[in-house]
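Whatever order the structure lists ligands and atoms in, that order sets their numbers, starting from 1. Quick note: residue numbers are just sequence positions, from 1.
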Amino acid sequence: MCGIVGYIGQKNTKEILLEGLKELEYRGYDSAGIAVLSGGVFNSFKATGKLINLEEKTKEFQTKGFAVGIGHTRWATHGKPTELNAHPHVGESSYVVHNGIIENYAQLKKNLIDEGVTFLSQTDTEVIVHQFEKNLKTTKNAFDAFKKTIKELEGAYAILLVTKAEEEKIFFAKNGSPMLVGINEANEKYFASSDAPLIGHATDVNYFEDGDYGYVSADEIIIYDKNDTKKAPHFAKLATNKLSAQKDGYRFFMEKEIYEQSDVIADTLLGRVSEKEVLFEELDASLFEGINEIKLCACGTSYHAALTASYLFERYAKVKSTVEIASEFRYREPIMSKETLFVVISQSGETADTLETLKMAKNAGLKTLAICNVDNSSMVRLADATILARAGIEKGVASTKAFATQVTIFWMLSLYLAKRNNTLTQAAIEKQLELLRALPLCVKVQDSMHERIKRLSKRYLHGHGFFFIGRDIFFPLALEGALKLKEISYLHAEGYPSGEMKHGPIALADPELFTIALLPEHLLYEKSKSNVEELSARDSTICAISPLAFDKADDFIETKKQKDYMLEFFEMMVVVQLLSLEISVRLGNDVDMPRNLAKSVTVE
Ligand code: AGP
């Protein structure tokens, strides 16, 4: 989830760009850069780490008079967070910044290299500027070259490009990643990935739509739509509150991040799911050579993702999988075998307990893999291989989109291993790939569902506790739902295997015991249903979450009929996330910063 800014005007362009990048810090970044074209001269600066490093590099640089400029904060998806990989990326006389993923960059890059182009970075973005300059040589017109380049790109992008071929214009294109342009009475033009950087500068904004491309100068805004039809900008008044702008109008970052799950899962899938197979270009097949067991190790929500993975790895890839809580694994003097692949899962990549287990595995000579959301974090630097979650910065302490992208990666990895181990037929794999491609739509929050949960939440503000229950992969989801509720409502909740309730916990059943029952249609429905009926018969208050009507429930949250239990899993994930959110809101808690918690537990 990178951040983009652009400016056309007479003010100090460097200051405007740096200030805009600061307002995008909430999107997360590991490097940043700017490029300014003024008086026919380009000045460009890039730095890794915090924005202050970029400010330090640019402190001697000032722009006077008219200039065009672009800036970028990078959240690494392709290529390590280094200065070379930071944006803007340069051609011979052009610079580009980009948010998103160019799915067909490898082929474009190969063609360009075959034609003698030298690449400086490992990024997908750099192909854009070289492809543009290649096209410019034939079209002789910057806009035609830009248009041709955009048509050659596949994937998600928000692009700004500046070139000496048209010194007073910024070329833009938007498809799948957000971007807008703002104006004011001083005839200045501002670009950004969200409206926060424009507050206090622009008065009106035009939110580009997917497929929009064109150029902006001091005097005009030229927009073409995905059908190459010219269209007028549609301006709306700009919001005035920066924090609400960073929350994009949601009440909390956690709420925003639940709604973002559709987009970040799409990002996580990008370039990794073809018609025929799952592709992890970041993995070398040798990682799995000689491996007969996968051991997953994590904490908290990441542990729940790991538990979910263990079911999928054994079911689809027929590889023995075990799961460890990192703080336990560290001290129980575990027996480790070199035929075990050790997988750590962490949103932050800095959780102390998980990091220590990774060191233990490395010291024991095991091959290691990190599933992480922060590139260049300690675990990413230490593990033999990494799969990045591409969830963007997660500001809510209660993890949501990170969990969603972790499970998405594990689903993909189970299919990747199934193909490698020949444990699923090609037809079965392709059916799963079709389900994976339906995932972003499946987790899109429906207003009607959110409203239903908001209304329902008023009934669950007390009681002597909650049981979230489920079977198979819905057991780790039950654990996750219970953790979400505990974290942000401070009410006691347990996740439990449905089949285990009769082995003791059912003694707690009474009207004040709230049971949130996960009842997927396509996985052990009848068995789960009978477990819930046992509780209902003892007068426990039941809230059933299911696509199938269940008359023994006191409350019922109807989910969609899905083709497969994996889609039911993700839809019910959104339900339990929203349920904990709305209960917490009613209790007046700080949803984003719950008491006693930290976003990354870097101490034991
Ligand atoms: C999840 O909602 C919690 N914030 C917490 O359990 C978290 O998952 C855990 O601390 C692990 O963090 P990590 O994923 O960054 O390693």
When the ring planes of Y259 and Y250 are compared, do they come out parallel, tilted or perpendicular, using 30° and 60° as the limits? tilted
With atoms numbered from 1 as shown, which atoms in ligand 1 lie under 4.0 angstrom from a non-hydrogen atom of S346? 13 (P), 14 (O), 15 (O), 16 (O)
Using a 4.0 Å cut-off to any heavy atom of S302, which atoms of ligand 1 qualify? 8 (O), 13 (P), 14 (O)
For atom 7 (C) of ligand 1, what's the nearest protein heavy-atom neighbour? Residue, atom name and distance, please. T301 N, 4.1 Å
Check ligand 1 against A398 and write out every atom of the ligand that is under 4.0 Å from a heavy-atom position of the residue. 2 (O)
Are T354 and ligand 1 in contact, using a heavy-atom cut-off of under 4.0 Å? no
Sort out for me which residue in K401, K247, R390, K395 forms a salt bridge (charged side-chain N to carboxylate O under 4.0 Å, His left out) with E260. K401
Would you call E350 a ligand 1 contact, heavy-atom distance under 4.0 Å? no
Close side-chain approach of Y416 and R272, heavy atoms under 4.5 Å: no
Nearest non-hydrogen protein atom to atom 4 (N) of ligand 1, with distance, is V397 O, 2.8 Å
How about F329 and F342: are their ring centroids closer than 6.0 Å? yes
Would you say the side-chain atoms of K295 pair up with the backbone N or O of T340, donor to acceptor, closer than 3.5 Å? no
With heavy-atom distances below 4.0 Å as the criterion, list the atoms of ligand 1 near S399. 1 (C), 2 (O)
Closest to atom 6 (O) of ligand 1 among protein heavy atoms sits G300 CA, 3.2 Å
Atom 15 (O) of ligand 1: nearest protein contact (heavy atom, Å): S348 OG, 2.7 Å
Does Q446 reach the side chain of V574, with side-chain heavy atoms less than 4.5 Å apart? no
Closest protein heavy atom (residue, atom, distance) for atom 12 (O) of ligand 1: T351 OG1, 3.4 Å
Taking atom 11 (C) of ligand 1 as the reference point, the nearest protein heavy atom with its distance: C299 O, 3.5 Å
I need the nearest protein heavy-atom contact for atom 2 (O) of ligand 1: residue, atom name and distance, please. E487 OE1, 2.6 Å
Answer with yes or no after comparing the ring centroid distance for F569 and H522 against a 6.0 Å cut-off, counting only values under it. no
To check your reading of the model: name the closest protein heavy atom to atom 10 (O) of ligand 1, its residue, and the distance in Å. V601 CG2, 3.9 Å
Hey, which of E480, K484, Q261 is the one that makes side chain to side chain donor-acceptor pair (under 3.5 Å) with Q577? Q261
